[in-house]
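In what follows, chains carry the letters A, B, and so on, assigned in the order in which the sequence lines appear, proteins first and then strands, with residues in each chain numbered from 1.
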Protein chains: 2
Amino acid sequence: MPPKGTYINLPAAKQARILTAAVREFAENGYRRASLNTMVKELGIAKGSLYQYFVNKEGLFLYVFDRFTDLVKEMLASQVKNGPSANFFTQIQEALWAGIRFIDSQPDFYRIYLRVLFEEEVPQRRALLGKVRLFSMEYFGGLCAQAQAGGIIRQDLPCPMVVFLVESVLDRFLQAYASPDHDTGLGLATLSAGDRELAVVQIIDVLKSGLSPLRA
Amino acid sequence: MPPKGTYINLPAAKQARILTAAVREFAENGYRRASLNTMVKELGIAKGSLYQYFVNKEGLFLYVFDRFTDLVKEMLASQVKNGPSANFFTQIQEALWAGIRFIDSQPDFYRIYLRVLFEEEVPQRRALLGKVRLFSMEYFGGLCAQAQAGGIIRQDLPCPMVVFLVESVLDRFLQAYASPDHDTGLGLATLSAGDRELAVVQIIDVLKSGLSPLRA
DNA sequence: TCCTGATGTGACCGGGTGGTCATATTAGGA
DNA sequence: TCCTAATATGACCACCCGGTCACATCAGGA
């Protein structure tokens, strides 16, 4: 259910306005509660027009999520380009910083991602999550295999377990950073840049100690 | 907004039936989308009756969540009783097992908790989460302070950071266990009891290596 | 038995939703 | 300039929601 030709033919500026309004509405309310009436009122266009651009609410949402995956793909690509052979732990530290930058630059897109992650009534939820997970499994899974081969991390842990542990901590950190509601005690939102950097370093350090090969 | 006297006067069996139906409806649909119409149809009572028992939808929901916190309190109490002075890492391992048992015995209550955690339109969300967080901060925070004093874990990490790391991993594990949608690769739902135990042990082991004092 | 207060009932209300469609407006080639 | 096809419009529809309330039913003391 891609956007209709009518939407594609729109001037880029108007496309962007519509996308932005949709992203905000979905970010603030989730899929179900997001209101097309509110969106068109805010945009100053008729509801019928929206249906000239997209087949229905679901089509609009899928378009929005597609733009999100595009952004993630971009981010990962530049990530891979920057440090393909760096140490495992500096790589995941960089991934964490990349996540922070993403949230800073696209907070509403990140909120939509969280909505999809935790609301069950999102259309095609499984497929959407699958797409994103594929990125992250490929990325972290690849790093893990490489690091185990190089003796950087313990070899007695299956890669899915390593990925699980790394993702747990990184995701949770980003969730706390993005929304204070999920911050259970770090107070990330009000931390100074220096203290935030310290927190990042500490987290990576603990993962390093935890995942490095056991000393004899 | 506690239940009205009318509800309290109901035979215990009928109270239980209503509670169970409400828990299921909220677990399956979250607060907003949960339908009182569906509930009363399933219960075979009139909608007006529901409003004799509870002031409104919010009152019913708060009652349900209160029962959840009761269950959690119970669980924590028996946890503290069983092993007050055991090693930090065996304590958090036990906490993880307790979480697994809770999900096994009360899956719908756990789903409601996740809903509250990740849906923003839940009434009094902050207060509800605060209650639960208090339990966990007190429990894990206390364990951390004790463990740092005893030299069991690194003393250069602030306790909130330790709690954050432990909770990240434990919570994520339980989420994956409770709903395969959140399982990114461990396949917890289909693991044999033995493999699941192995996973638990590995996770605690990594946390142990990560949080133990650094060797000189 | 009858009366009264508590409890049970479901038709109904206002409001919001996603989606439709007959009609008005516009753009641009003939 | 005029005609036509593409686009814009918003009143309208059916549906579902939480919540209300006038009324039916019931329980049990007088």
Side-chain angles (χ1 to χ4, degrees), chain A residues 1-19 21-22 24-26 28-65 115 119-125, chain B residues 1-19 21-22 24-26 28-65 115 119-125:
Chain A
M1 289 153 63
K4 296 183 180 176
T6 325
Y7 176 78
I8 307 295
N9 292 339
L10 249 31
K14 189 165 185 180
Q15 283 187 36
R17 274 190 63 228
I18 293 172
L19 176 60
R24 179 161 61 235
E25 182 68 12
F26 283 124
E28 283 176 1
N29 303 103
Y31 176 76
R32 195 88 187 190
R33 208 161 78 98
S35 158
L36 301 185
N37 291 331
T38 303
M39 281 187 42
V40 296
K41 205 177 300 172
E42 194 178 307
L43 282 166
I45 65 174
K47 180 146 53 148
S49 297
L50 208 52
Y51 279 84
Q52 302 260 27
Y53 306 146
F54 300 92
V55 288
N56 54 21
K57 189 183 189 180
E58 180 174 341
L60 170 57
F61 179 74
L62 295 179
Y63 172 70
V64 166
F65 198 86
R115 294 280 194 180
E119 287 178 10
E120 297 182 10
E121 61 258 31
V122 175
Q124 308 198 26
R125 179 164 169 265
Chain B
M1 290 153 59
K4 297 184 181 175
T6 326
Y7 176 78
I8 307 295
N9 292 338
L10 248 32
K14 190 165 186 181
Q15 284 187 34
R17 274 189 64 225
I18 292 172
L19 176 60
R24 179 162 61 237
E25 181 69 13
F26 283 124
E28 283 175 4
N29 302 103
Y31 177 76
R32 195 89 186 189
R33 207 162 78 98
S35 159
L36 301 185
N37 291 331
T38 303
M39 281 186 42
V40 296
K41 206 178 299 172
E42 194 179 307
L43 282 167
I45 66 174
K47 181 148 49 151
S49 297
L50 208 52
Y51 280 85
Q52 303 259 25
Y53 306 147
F54 301 92
V55 289
N56 54 21
K57 190 183 189 180
E58 181 175 343
L60 171 57
F61 179 74
L62 294 180
Y63 172 70
V64 166
F65 198 86
R115 295 280 194 180
E119 288 178 11
E120 296 183 10
E121 63 257 30
V122 175
Q124 309 199 25
R125 178 163 170 266

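A search for side-chain contact (heavy atoms from CB on, under 4.5 Å) contacts involving B:K4 returns B:T6, B:V55, not counting sequence neighbours. Checked against side chain to side chain donor-acceptor pair (under 3.5 Å), A:R125 has the following partners two or more places apart in sequence or in another chain: B:D181. Scored by the ring pair (Phe, Tyr, Trp, His ring centres under 6.0 Å) test, A:F54 finds A:Y7, A:Y63 as partners (sequence neighbours excluded).
Between the P atom of C:dT7 and the OH atom of B:Y53 lies a distance of 9 Å, rounded to the nearest Å. Here D:dG19 presents its P atom at 13 Å from CZ of B:F54, a figure rounded to the nearest Å. Here the C1' atom of nucleotide C:dA11 and the CD1 atom of B:I45 are 17 Å apart, to the nearest Å. Rounded to whole angstrom, the span from the CZ atom of B:R17 across to the C1' atom of C:dG8 amounts to 14 Å. Rounded to whole Å, the distance from OH on A:Y7 to C1' on D:dA8 is 17 Å. Spacing between atom CG of B:L10 and atom C1' of C:dG8 amounts to 11 Å, rounded to whole angstrom units. Look at CG on B:L43: it is 15 Å from C1' on C:dT9, rounded to the nearest Å. We find that CD of A:Q15 is positioned 15 Å from C1' of D:dT7, with the value rounded to whole Å.
Relative to the side chain of B:K14, the nucleotides C:dG8, C:dG10, D:dT7 differ in distance, and C:dG8 lies closest. The side chain of A:N9 lies closest to D:dT7 when the candidates are D:dT7, C:dT7, C:dG8.
For the pair B:E25 and B:N29, the minimum side-chain heavy-atom distance is below 4.5 Å. Considering only heavy atoms from C-beta on, B:E121 comes within 4.5 Å of A:R33 through its side chain.
Applying the salt bridge (charged side-chain N to carboxylate O under 4.0 Å, His left out) test to pairs two or more places apart or on separate chains, none has a residue in residues 43-60 of chain B.
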Could you pull out the protein-nucleic contacts involving nucleotides 22-27 of chain D (nitrogen or oxygen on both sides, under 3.5 Å)?
none

For nucleotides 17-20 of chain C, tabulate all protein N/O to nucleotide N/O atom pairs closer than 3.5 Å, reporting atom names and distance.
from, atom 1, to, atom 2, distance (Å)
C:dT17, OP1, A:S35, OG, 3.0
C:dT17, OP2, A:N37, ND2, 3.1
C:dG18, OP1, A:A34, O, 2.8
C:dG18, OP1, A:K57, NZ, 2.7
C:dG18, OP2, A:L36, N, 3.1
C:dG18, N7, A:K47, NZ, 3.1
C:dG19, OP2, A:Y51, OH, 2.6
C:dG19, OP2, A:K57, N, 2.9
C:dG19, O5', A:Y51, OH, 3.2
C:dG19, N7, A:K47, NZ, 3.0
C:dG19, O6, A:K47, NZ, 2.7

